[in-house]
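Counting starts at 1 for both ligands and their atoms, following the listed order.
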Amino acid sequence: MTTETSACILCSRNCGLELTIEDNKITKIKGDEAHPLTGGYICQKAARLGHYQHHADRLTHPLKRNAQGEFEAVSWDEALSDIARQLTTIRDQHGGKAFATAGGGGQGNHLGGAYLAQVRAAMKSRYNYNSLGQEKTGDFWVNGRLFGHQTCHTTEDVEHADFALFIGCNPYQAHGIPNARDTLKHLKKDPNRTVVVIDPRRTETAEHADIHLQLKPGTDAFLMSAMLAIILRDNLHNRDFIAQHCTGFEAVESVLRAVPIEDYVQRADVPLELVERVARGFATARSASVRIDLGIQHTLNTTLNGYLEKLLYLLTGQFGKQGGNNLHTFLAPILGHTDERGKVVRTVHHQMFPIAGIMPPNLLPDEILLAGEHRIRAMVIDSCNPMLTWPDTPRLEQAFRSLDLLVVTDVALTETARLAHYVLPASSQFEKWEFTGFNLDFPVNGFHLRHPVVKPTGDTLPEPEIYTRLIERMGVFPKPNRLLALLGKTAGSTVGLMAYMAATMATLARNKHLMPYAVSLMYRTLGPNMPNGSAAAAPLLAMCMDYGKRHAKAVAAAGIKGNRLTLGINLFKAILRARSGLIISRHEYADVWTLLRTPDRKVHLHIPEMLEELQALPAQRTQTDPDYPFILAAGERRAYNANQIFRDPAWRKVDREGSMRIHPDDAMTLNLADKDTVQCSSRGGQIRAVVQLDASMRRGTVSLPHGYGIRSQGNPPLGPEVNQLTRSADCDPFSKTPFHKFVPVKLEKAPAHV
Ligand SMILES: Nc1nc2c(c(=O)[nH]1)N[C@H]1C(S)=C(S)[C@@H](COP(=O)(O)OP(=O)(O)OC[C@H]3O[C@@H](n4cnc5c(=O)[nH]c(N)nc54)[C@H](O)[C@@H]3O)O[C@H]1N2
Ligand SMILES: Nc1nc2c(c(=O)[nH]1)N[C@H]1C(S)=C(S)[C@@H](COP(=O)(O)OP(=O)(O)OC[C@H]3O[C@@H](n4cnc5c(=O)[nH]c(N)nc54)[C@H](O)[C@@H]3O)O[C@H]1N2
Ligand code: SF4
Ligand SMILES: [Mo]
């Protein structure tokens with residue numbers, strides 16, 4: 001029996017864990033008190049992670065679909081050679097546009113994504129479809145315009161805020177903020193601090209609030225612009241802040257001053273007096289911050305919502321300070337910058353541009369099925385289960401089935417893997433070195449490189465090995481450079497690492513064609529000499545050196561020693577040693593201005609595209625479709641769901657059927673009782689669900705959980721397959737992110753026996 005540290009892989013908080021291992025099995029899980037950011041905090045889901053590690057759908061060897069259409073086990077050699085051959089043929093015949101990847105990392109694993117990106121490079125493809133492209137890209141796009149770069153991601157200092165505004169998020173269940181439940185409890189207990197929740201449901205978070213605005217779904221843009229208009233009308237905007245730190249205020253001001261406040265608040269169907277109190281309270285609080293999530297990102301006006309939410313803290317100067325909203329740093333760059341006004345590779349059919357390097361899942365079926373000669377013909381899907389998580393399941397299935405080559409890399413035989421030509425079995429996140437790029441905190445940021453705590457299952461491999469072998473077989477990546485391999489051997493010392501890195505940079509500068517494969521180059525040359533088999537983490541050296549250079553003062557303030565040349569190297573060594581993660585930087589709040597990427601280091605408030613959308617709002621139809629009179633939120637976060645990370649139905653302690661919440665009065669009009677089966681139809685499809693009467697719902701709305709519909713061991717789906725109901729075309733005109741929280745449906749009582 002041993003005790004090991006790791007982290008939870010179920011949401012972006014990645015709480016530190018202490019695991020008890022017996023006979024290569026995880027037998028006990030608790031919070032790791034030594035974790036510098038989460039300090040022992042966990043929620044009820046983490047203790048169930050044994051169901052992720054050990055279950056009947058785990059893959060144990062590579063699978064190949066044979067001529068009869070059935071899977072047969074093959075060797076890694078055979079699988080990777082076949083795939084490499086087919087991929088290079090497709091690339092040579094049809095070019096880079098014929099290939100795309102999907103996924104590349106979930107809530108706990110981003111290391112493999114860096115290696116997968118090299119397969120895209122080998123295919124000369126720029127098509128990176130990712131789940132972030134169905135939630136956060138609208139936000140990233142706005143960040144690009146406001147702050148000068150799409151990697152300028154913001155965070156909220158809720159723990160220190162006097163006024164915490166939660167719009168369209170339920171951190172009590174979904175987390176996303178530090179130690180969410182403790183933080184909410186503290187906020188609630190403190191009489192000097194105000195919590196406001198804007199959500200159509202009286203959520204568990206709303207139960208912690210002083211004010212709950214239970215708005216009509218899809219009306220956030222109306223409500224937020226009314227709040228902004230009230231702030232301007234009452235002269236509560238921060239003129240000094242705006243003058244000192246922003247440009248383009250006048251254009252924004254003139255549009256916002258024209259907002260018909262009463263009309264907009266009425267559309268949101270919340271009391272005007274309360275909205276005024278919230279707007280004034282937010283603007284005048286000593287510190288205030290806004291936390292948002294899918295409630296505004298999975299509904300109408302996604303991108304505009306992101307803009308308005310940011311204007312709330314920018315116009316009031318609740319930015320760049322304790323308790324406000326702030327920019328933060330990334331050690332591992334999970335976002336890119338792809339400004340569509342410059343040169344970017346667009347999709348063929350929709351001519352859609354990437355945002356932060358990411359393409360939108362909503363358009364994928366069309367880019368496979370409708371793009372003709374230049375369609376996508378081959379895909380590698382990694383750490384993602386689009387057959388359950390991306391919109392419009394039937395059409396996506398049709399698209400996947402039409403591919404010449406579909407490769408799925410996963411730990412489990414998922415619904416998506418079942419459609420593949422090849423399934424590549426990955427070692428689980430407790431069997432390999434892993435990290436996430438979800439270091440989203442400011443001013444104190446941390447990083448956790450996790451080590452393997454159990455031995456790999458069967459013939460599985462970590463993604464770094466899988467994709468390095470694949471690009472080697474594709475012939476784009478040569479045998480390890482001998483000089484680098486030699487220098488890699490001196491990796492034990494700081495001087496050795498300096499020499500190694502200098503030689504690597506020189507090699508890449510001389511051999512530009514190797515540049516896209518720097519990650520595997522480091523893996524193959526430095527990796528073999530890294531301690532405890534941590535080869536896959538070799539590329540972190542480059543990231544740490546870059547981070548040390550850019551944030552020297554903050555890294556030093558975190559206790560890392562070193563000069564201009566050695567600081568990053570020492571950070572790298574400290575990360576390798578720190579089994580519970582470590583603090584990598586301590587910034588000052590005022591440093592936010594150094595993280596801005598606009599040339600003038602000012603926030604550029606004026607985004608013409610958004611002001612245009614704002615001015616077009618009055619024409620938006622907000623009444624419901626009489627044929628589909630209910631608005632379904634298709635994808636609520638609850639106590640026992642966690643994306644598609646668990647497949648073993650036994651992991652859920654409650655709500656195994658994933659019930660549909662409905663207000664008791666609505667249920668009565670439909671003659672529905674608790675536990676009845678309801679038929680739920682949208683314009684896209686229909687499914688059945690079990691009814692749960694719930695007075696926390698707003699009338700006229702219903703809600704189904706995210707993360708169900710799993711066909712464990714090929715059995716019938718368990719719980720609602722919500723994406724049978726969603727349609728690809730129902731998405732934001734700008735970012736193409738789906739309206740999952742705004743699915744018009746009709747409900748009918750179904751016979752109980754089905
Ligand atoms: N338990 C659990 N936690 C998770 C996950 C999980 O699957 N399970 N998934 C993780 C992931 S990937 C993500 S992205 C986050 C998402 O985290 P959240 O976005 O916080 O979670 P949701 O429950 O999807 O949606 C938040 C709220 O939006 C509200 N809402 C619906 N329509 C509207 C609207 O029109 N306006 C407003 N203002 N609100 C609306 C819903 O009532 C809901 O309370 O959670 C993460 N954490
Ligand atoms: N209707 C509707 N649809 C939604 C949502 C919604 O609210 N409503 N939410 C959306 C959101 S916000 C998100 S983020 C997505 C999430 O959906 P996806 O992007 O599909 O991500 P996960 O559910 O996290 O899928 C993780 C997959 O990775 C596999 N996996 C786990 N560990 C490893 C590993 O180490 N290596 C590899 N290769 N694979 C691994 C798991 O077995 C699983 O198949 O769903 C989206 N879909
Ligand atoms: S699900 Fe999120 S909040 Fe809960 S333990 Fe895991 S990482 Fe922490
Ligand atoms: Mo997400």
Nearest non-hydrogen protein atom, [atom]:
{"atom": "atom 4 (C) of ligand 1", "result": "R637 CG, 3.3 Å"}
{"atom": "atom 6 (Fe) of ligand 3", "result": "C8 SG, 2.3 Å"}
{"atom": "atom 2 (Fe) of ligand 3", "result": "C11 SG, 2.3 Å"}
{"atom": "atom 5 (S) of ligand 3", "result": "C43 N, 3.4 Å"}
{"atom": "atom 24 (O) of ligand 1", "result": "K741 NZ, 2.8 Å"}

* **Close aromatic pair by centroid cut-off 6.0 Å: H208 and Y172** => yes
Tell me if a side-chain donor or acceptor on [X] pairs with a main-chain N or O of [Y] at a distance below 3.5 Å.
{"X": "K741", "Y": "G635", "answer": "yes"}
{"X": "D655", "Y": "S659", "answer": "yes"}
{"X": "N723", "Y": "L388", "answer": "yes"}
{"X": "N179", "Y": "D182", "answer": "no"}
{"X": "Q53", "Y": "G50", "answer": "no"}
{"X": "T38", "Y": "G16", "answer": "yes"}

Ligand 1-proximal atoms of [X], by part, heavy-atom distance under 4.0 Å:
{"X": "Q297", "value": "neither"}
{"X": "A174", "value": "both"}
{"X": "R638", "value": "backbone"}
{"X": "N641", "value": "both"}
{"X": "H298", "value": "neither"}

Taking only heavy atoms of [X], which atoms of ligand 1 are found under 4.0 Å from at least one of them?
{"X": "G218", "result": "34 (C), 35 (O)"}
{"X": "R201", "result": "42 (O)"}
{"X": "Q173", "result": "1 (N), 2 (C), 3 (N)"}
{"X": "H706", "result": "7 (O)"}
{"X": "A642", "result": "6 (C), 7 (O), 8 (N)"}
{"X": "P217", "result": "35 (O)"}
{"X": "I198", "result": "38 (N)"}
{"X": "N170", "result": "20 (O), 26 (C), 44 (O)"}

Closer than 4.0 Å to some heavy atom of [X] - which atoms of ligand 3 meet that?
{"X": "N14", "value": "7 (S)"}
{"X": "K45", "value": "1 (S)"}
{"X": "L10", "value": "1 (S)"}
{"X": "H175", "value": "3 (S)"}
{"X": "A46", "value": "5 (S)"}

* Structure fact -> So for T38 against ligand 3, with non-hydrogen atoms under 4.0 Å, the contacting part is neither
With respect to [atom], which of [options] exhibits the smallest heavy-atom separation?
{"atom": "atom 9 (N) of ligand 1", "options": "I645, V197, T203, N643", "value": "N643"}
{"atom": "atom 16 (C) of ligand 1", "options": "I167, L213, L294", "value": "L294"}
{"atom": "atom 28 (O) of ligand 1", "options": "C11, A633, P200, G295", "value": "G295"}

* Asked: Under 3.5 Å between some N or O of ligand 1 and some N or O of D199?
  -> yes
* **Contact check: D220 vs ligand 1, nitrogen or oxygen atoms, below 3.5 angstrom** => yes
* Before giving the answer on side-chain hydrogen bond (donor to acceptor under 3.5 Å, both in side chains), spell out for T154 and N325 the whole-Å C-alpha distance, their side-chain angles and the decisive distance to 0.1 Å. => CA-CA 7 Å; T154 58; N325 287 74; 5.1 Å; no
* **Side-chain heavy atoms of T389 within contact of N643, under 4.5 Å** => no
* **Student check: side-chain heavy atoms of L617 and F222 closer than 4.5 Å** => yes
* Asked: Do K746 and Y628 meet the cation-pi criteria used here (NZ or CZ under 6.0 Å from the six-membered ring centre, within 45° of the axis)?
  -> yes
* Please determine if R277 forms a cation-pi arrangement with F282, meaning its NZ or CZ atom is less than 6.0 Å from the six-membered ring centre and no more than 45° off the ring axis. => no
* To do: Give the C-alpha distance, both sets of side-chain angles, the deciding distance and a yes or no for ring pair (Phe, Tyr, Trp, His ring centres under 6.0 Å) between F438 and H110.
  => CA-CA 9 Å; F438 289 143; H110 296 159; 4.6 Å; yes
* What orientation do H153 and F330 show, parallel under 30°, tilted 30 to 60°, or perpendicular over 60°? -> tilted
* Asked: From atom 8 (Fe) of ligand 3 out to just under 2.8 Å, does an N/O/S atom of C15 turn up?
  -> yes
Within less than 4.0 angstrom of ligand 1, does [X] place any heavy atom?
{"X": "G176", "result": "no"}
{"X": "E135", "result": "yes"}
{"X": "Q107", "result": "yes"}
{"X": "G635", "result": "yes"}

Output yes when [X] and [Y] qualify as a salt bridge under the 4.0 Å nitrogen-oxygen rule, no when they do not.
{"X": "D625", "Y": "R683", "result": "yes"}
{"X": "K310", "Y": "D139", "result": "yes"}
{"X": "R698", "Y": "D269", "result": "yes"}

* Asked: Within a reach of under 6.0 Å around CD of Q44, are more than 12 heavy atoms found that belong to other residues, nucleotides or ligands?
  -> yes
* At what distance, to the nearest 0.5 angstrom, does CD of E18 lie from CZ of R579? -> 14.0 Å
